[in-house]
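Working notes, structure below.
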Number of protein chains: 2
Amino acid sequence: MDDRPGDQDRDRQGADRIGAPGDARLFSVVTATDLVTQIARQITEAIVTGRLKPGARLTELQLSREFGTSRAPIREAARLLESQGLVVSSPRRGFFVRTLEAEDLRDIYELRIGLELHAASIAIDRIGPADIAGLERQIEKMYTLADQGSFEQQIFEDFTFHRMLCQASGNRRLLRVYDELATEMRCGITLIGKLYDDPHRLAGTHEPILEALKEGDRDRLLAALRYHIAVAQDAVVELFAGTGASTRERGSGS
Amino acid sequence: MDDRPGDQDRDRQGADRIGAPGDARLFSVVTATDLVTQIARQITEAIVTGRLKPGARLTELQLSREFGTSRAPIREAARLLESQGLVVSSPRRGFFVRTLEAEDLRDIYELRIGLELHAASIAIDRIGPADIAGLERQIEKMYTLADQGSFEQQIFEDFTFHRMLCQASGNRRLLRVYDELATEMRCGITLIGKLYDDPHRLAGTHEPILEALKEGDRDRLLAALRYHIAVAQDAVVELFAGTGASTRERGSGS
DNA sequence: TTTTTGCCGATTGTCGACAATTGACATGAT
DNA sequence: ATCATGTCAATTGTCGACAATCGGCAAAAA
């Protein structure tokens, strides 16, 4: 009776050191990801890119026809997405793409402030040169993408920056919570459309954060980060309110 | 085509106002909860009470025999638990009850400090007399349970207090994150056994928090809360290290 | 006309079975 | 003795089908 899992929650991609150290890899790992993962990924993609509108109904039969699978993997993928808050399930009516109210966005950003400030406060004591260099490169990437690059890419790289910050805290659970929030934010942002008029400004607003982090100035770091997120929050909420106060269409009758 | 969910994420129990306002309810609602929910609940219960030891292997067949159902509900329940971090799944080996390392506990409590302090900082501006009264009652309950009451009940009521605090923030997502953390903490605490020598002390340590909250003194509130959680963290981590540095048994051979 | 009742289609909840893959063991070669 | 290979049981991944349940519509009664 073998009763121990192979690896707990190590990164699935981290299949390094196969042979002797320093050998050039001949092949890349090939993973047979199960249908559940693929389906969940595709649905997530459709939601965050806005191809699937909030409130859209998803029936298992329809999805299974579309994916060419049986309903079982669909169900599991849907449950996965439900636990991430991307869809909600009405007991016997099916799944619906999550609708975001203005209140939800407020909650998300409010929580995000607390989370990232805490992460930064921890990270400033633990961060090493490698992490700082990574953050610098990330800002660089954002600048180059500001000239050429889609809106979605810019948002994505912005999220990556903040993710790296959370990662620098060394707290896995904190990072997981950030990831959960990030999906929800993406879900809400894409349906707003253009967010920043000037992409360069988006890239630039990260520099004070990095500066304070480099100098080890906790107060300035927290202030800069709080300001940065609050600005984003105001922009999002305002734009969101402008587009109609809710992603859910009002009921036509009654 | 009807394309709107009946209710988004309102409480399922909240089936009030059936008839005219003020009528006495004749019957209580009867809910036919599906197998997945029941199974997930039972497994969770078994894990947090320690009946299922960390690292224990769970095969679908065994569980389906035990529950008397097919494997489908088992699978979905297991996935649900996995998303909550109570079990981990090795791709084709099955599910294993999550093992907690000392590092995990450190992460959990570290995150908890950030989360609850943020919650308190928000709540202090929004909290009303009703919430404060609720917190007071909760402390009372803890005192009475200190004399008579099981260890698990005391822990449970302690968690309830902190949960109410998070709830007072009015931020649904923050509350959700706390709930996630709470299950993980329960998962780790029960296997340690007795935590506080004096249950009265456990109840008493909450009073400074409530006092500061009542007076609207933010600094004192945060300090009291930080101290309270840090004490708990130290106690847990220390006891945890004492019992063997990890919930996972070391490999016997090798 | 309004309300109640019965029915029906649509959709999920659950099941049993098959196929694919894994890890472990035994066998054979070096 | 050690390593590689082939085989096998165990377990998951996936499928198609059946039954239970729900929401809505139409018909009948008031």
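Sequence lines set the chain letters: A, B, ... in the order given, protein chains first and strands last, and positions in each chain run from 1.
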- request: Please report, rounded to the nearest Å, how far the P atom of D/dT11 is from the CD1 atom of B/I74.
  value: 15 Å

task: Measure the distance from CD1 on B/I39 to P on C/dT14 and round it to the nearest whole Å.
output: 8 Å

query: Which whole-number value in Å describes the distance from A/F67 CZ to D/dG13 P?
result: 18 Å

- request: Please name all residues satisfying side chain to side chain donor-acceptor pair (under 3.5 Å) with A/E116, sequence neighbours left out, ordered by chain then number.
  value: A/R112, A/H162

task: Nearest whole angstrom, please: distance from the C1' of D/dA19 to the CG of B/D34.
output: 16 Å

task: Take the protein atom CD of A/E76 and the nucleotide atom C1' of C/dT12, then report the distance between them rounded to whole Å.
output: 15 Å

message: Please enumerate all residues that pass side-chain contact (heavy atoms from CB on, under 4.5 Å) together with A/S64, with sequence neighbours excluded.
response: A/L61, A/R71, A/I74

- request: Round to the nearest Å and state the distance from B/L63 atom CG to D/dA10 atom C1'.
  value: 15 Å

message: Could you work out, with salt bridge (charged side-chain N to carboxylate O under 4.0 Å, His left out) as the rule, every residue matching B/R163, not counting sequence neighbours?
response: B/D179

task: Round to a whole Å and report the spacing from CD of B/E60 to C1' of C/dT21.
output: 14 Å

- prompt: Does B/R79 have any salt bridge (charged side-chain N to carboxylate O under 4.0 Å, His left out) partners at least two apart in sequence or in another chain, and if so, which?
  reply: A/D34, A/E76

- prompt: So, is A/R93 near the phosphate of C/dT12, with a side-chain N or O under 4.0 Å from OP1 or OP2?
  reply: no

N/O contacts under 3.5 Å, protein versus nucleotides 15-19 of chain C?
| from | atom 1 | to | atom 2 | distance (Å) |
| --- | --- | --- | --- | --- |
| C/dC15 | OP2 | B/S70 | N | 2.8 |
| C/dC15 | OP2 | B/S70 | OG | 3.2 |

- request: Output all residues satisfying salt bridge (charged side-chain N to carboxylate O under 4.0 Å, His left out) with A/R126, sequence neighbours left out; order by chain, then residue number.
  value: B/E110

message: Under 4.0 Å between a side-chain nitrogen and a carboxylate oxygen: does that hold for A/R98 and A/E184?
response: yes

